[in-house]
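First the proteins, then the strands, lettered A, B, ... as listed; each starts at 1. The shown structure was predicted, so the numbers you read here are calculated from the model rather than taken from an experiment.
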Amino acid sequence: MTENPIELAPQRIDDSFDSIVDELQWRGLISVSTDLDALRQALAEGPVRYYCGFDPTAGSLHLGHLVQLLLLRRLQLAGNIPYALVGGATGLIGDPRPTAERTLNSRDQVAEWVVRIRDQVSGYLGDEGENALHVVDNLDWTAPLSAIDFLRDLGKHFRVGQMLAKEAVAKRLRSEAGISYTEFSYQILQANDFLQLYRREGVTLQTGGQDQWGNLVGGVDLIRRVEQVGVHAIGSPLITNSDGTKFGKSEGNAIWIDPELTSPYAFYQFWLNTEDADVVERLKVFTFLTRAEIEELARQVAEEPYRRAAQRRLALEVTALVHGETAARNVVRASEALFGDGDLRALDPATLGQALDELPGTGAALGDPIARVLADTGVVRSVSEARRAIGQGGVYVDNVRVTDPEATLDADMVLPGGRVLLRRGRRTLAGVRVGD
RNA sequence: GGCGGGUUACCCAAGCGGCCAAAGGGAUCUGACUGUAAAUCAGCUGGCUCUGCCUACGUAGGUUCGAAUCCUGCACCCGCCA
């Protein structure tokens, strides 16, 4: 079960490609774009300044944002100069979602999230050297904008017909939810961001998710109108699972990059459970493995899928990228210990203890009902759900199935180190510390 | 501003005075199978001190022995008209 430690892939571009654009295309990171040949040429002529915006709609970025961060990073590794825009202003307005109007967050809340997201973003892009990351906040130029300025200097360049035709807006108009004027105006603010960054910093490329395409083009159009200059935009595809479910969710919850919100263990498990049909695509998008290395892993998926070599590598690489190599190695060891088929009591107590520390857990006392302890660990939402799970034969203590919903925690369940391992279903684990 | 329609559990959506913790579908979860997969089949899915009790059908009141269902105010959404 324990294999030779795999060495992590260094962050680099794959020099088997002529242009970074070719590598991005191979990795499936470009689904829509302005003239790619023009972009290739611009990139060949020297460092390009480029940006991607992150709106503070929560206190942490999630996997969808990670795609963008990696896109920024790859362009940076190719010698270009990244700008990360934190949407202190646009976060107060709200980008129209296709389904429903957003609830406005308070200014204090948004300001707090701006700080946290700024910190997260900075961690992924080197801030030293000639092409160090620049972080900007669109509140700096949006807040001073008066209604008069907004309407005269910006509004005149936008035709309502075109604004209505933008997909995000059109969808909302077709839906029962409709759209507020506030959200309708969002695209103008984002277009202005690109214009401001072009004027102030010479930024000529914006990247974003495909769902942002309307907004990206809005900026390109505005700059063409106002400055008579052609700039570039790249939209990356929405990552989807081959089975049609949403990528980046586990039991309906988003996978966050903040370890407080999604533990490194849960993060690693998420990636480890990637389906065969998706794993190669994930390796391309989320790791710095080269084309040759990924092709080798693809061969292994095809020939010996049960080994899940590609999933293991993917999970290790992405966990290390987000949580650091030490944390990643720890959760790998924990996973191997807990999912091994050996007797838990035969494991080295220190290893077992460390493994259990990676899991969600709780304290409990002998005699406590197992259903309640399970609920306390958070792997089920309530005692009722725990009882139900036990009734369905889906709960195990130390890998032994529990059948009685009224069962209690007994002394013979306690493993060396005063721990008990609870499991719900095939793969949801929790650790319990027994004591009074 | 006027008129009309709407707000149901994670999502969509039935219900229109008691038989409603609320049909149906989706999704999640569990079991069998397996590779901590996929596909397939089956089952569960408000909470609790669980043969009962407590919350819940936008929100605050009211009518009634009894309301998701009737009435009134309020909030929000949609459409048409101005």
Side-chain angles (χ1 to χ4, degrees), chain A residues 1 3 96-104 171-184 240-255 265-282 297 300-316 319 331-342 344 355 358-359 367-369 371-372 374-396 399 401-406 408 421-430:
Chain A
M1 177 119 293
E3 289 159 32
R97 278 186 296 203
T99 48
E101 186 82 11
R102 288 175 191 273
T103 309
L104 289 178
K171 268 191 183 160
R172 283 282 291 283
L173 284 174
R174 271 184 266 121
S175 79
E176 272 187 23
I179 186 168
S180 68
Y181 189 76
T182 307
E183 290 191 2
F184 179 61
T240 53
N241 292 332
S242 55
D243 61 7
T245 57
K246 268 189 185 168
F247 166 77
K249 302 253 174 166
S250 170
E251 295 187 27
N253 299 315
I255 304 292
Y265 171 81
F267 190 88
Y268 176 81
Q269 288 290 322
F270 169 81
W271 291 102
L272 190 62
N273 283 300
T274 302
E275 285 174 34
D276 295 0
D278 296 320
V279 69
V280 172
E281 184 189 318
R282 301 286 181 269
L297 285 167
Q300 293 181 29
V301 172
E303 291 176 10
E304 36 188 26
Y306 51 89
R307 283 186 177 283
R308 299 192 300 149
Q311 279 90 341
R312 288 176 204 284
R313 188 64 190 272
L314 173 68
L316 171 66
T319 307
V331 294
V332 170
R333 258 196 303 281
S335 296
E336 286 176 351
L338 297 171
F339 282 101
D341 43 13
L344 289 170
E358 302 295 336
L359 304 174
D368 284 353
R372 163 144 51 224
L374 193 64
D376 285 346
T377 62
V379 300
V380 296
R381 276 201 198 79
S382 65
V383 178
S384 298
E385 196 172 320
R387 289 189 135 100
R388 206 177 292 134
I390 292 171
Q392 293 181 133
V395 174
Y396 306 77
N399 291 337
R401 176 175 285 170
V402 180
T403 51
D404 178 11
E406 310 297 328
T408 56
L421 175 67
L422 293 183
R423 194 173 100 213
R424 186 207 54 182
R426 194 74 189 92
R427 65 194 185 202
T428 308
L429 302 172

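For the OP1/OP2 pair of B:U28 and a distance below 4.0 Å, the side-chain nitrogens and oxygens of A:Arg381 include no atom meeting the criterion.
Shown are A:Leu374, A:Leu359, A:Leu422; of these, the side-chain contact (heavy atoms from CB on, under 4.5 Å) with A:Val379 is made only by A:Leu374.
Of the candidate nucleotides B:U49, B:C29, B:U36, B:C29 has the atom lying nearest to any side-chain atom of A:Arg424. Out of B:G47, B:U36, B:A37, the shortest distance to the side chain of A:Asp276 is found at B:A37. The side chain of A:Arg401 approaches B:G31 more closely than any other nucleotide in the set B:G31, B:A37, B:U49.
Using N1 to N3 plus N6-O4 or O6-N4 for Watson-Crick, or N1-O2 and O6-N3 for G-U wobble, each under 3.5 Å, B:C70 pairs with B:G62. When Watson-Crick and G-U wobble pairs are counted only if both distances are under 3.5 Å, B:A42 pairs with B:U30. Searching all strands for a Watson-Crick or G-U wobble partner of B:C76 with both distances below 3.5 Å returns B:G6. For B:U55, there is no paired nucleotide, since no Watson-Crick or G-U wobble pair has both relevant distances below 3.5 Å.
For B:G43, its base sits under 3.5 Å from the side chain of A:Gln392 at one donor and acceptor pair at least. In terms of polar N and O atoms assigned as donor or acceptor, the side chain of A:Gln269 comes within less than 3.5 Å of the base of B:U36 in a complementary pairing.
Residue-level contact check: A:Tyr268 touches neither bases nor backbone, having no heavy atom under 4.0 Å from any strand.
The interatomic distance linking A:Ile390 (CD1) with B:C44 (P) rounds to 18 Å, in whole Å. At whole-Å resolution of the value, CZ in A:Phe270 and P in B:A37 are 15 Å apart. To the nearest angstrom, C1' of B:G43 lies 14 Å from CD of A:Glu385. Taking atom CG on A:Leu422 and atom P on B:U36, their separation rounds to 20 Å, with Å as the unit. Atoms CZ (A:Arg282) and P (B:A38) sit 14 Å apart, rounded to a whole Å. Across the protein-nucleic acid pair, A:Leu374 atom CG and B:C29 atom P stand 15 Å apart, rounded to whole Å. In this structure, A:Arg388 atom CZ and B:C44 atom C1' are separated by 7 Å, rounded to whole Å. Atom P of nucleotide B:G35 and atom CZ of A:Arg308 are separated by 10 Å, given to the nearest angstrom.
Among residues two or more places apart in sequence or in another chain, the ring pair (Phe, Tyr, Trp, His ring centres under 6.0 Å) test is passed with A:Phe184 by none. Evaluation of the side chain to side chain donor-acceptor pair (under 3.5 Å) rule for A:Asp276 yields A:Gln311 as partners, not counting sequence neighbours.
Minimum heavy-atom separation, A:Tyr268 to A:Leu316: CE1-N, 3.8 Å.
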Might you list the N or O atoms of the protein lying below 3.5 Å from N or O atoms in nucleotides 50-54 of chain B, with each pair's distance?
residue: B:C50; atom: N4; partner: A:Ser384; partner atom: OG; Å: 3.3
residue: B:C50; atom: N4; partner: A:Arg387; partner atom: NH1; Å: 3.4

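Not one N or O on the side chain of A:Arg313 forms a donor-acceptor pair closer than 3.5 Å with the backbone of A:Leu297. Of the possible donor and acceptor atoms, none in the side chain of A:Arg312 sits under 3.5 Å from a partner among the backbone N and O of A:Leu314.
Put simply, the side chain of A:Arg401 does not reach to within 4.5 Å of the side chain of A:Val395, judged on heavy atoms.
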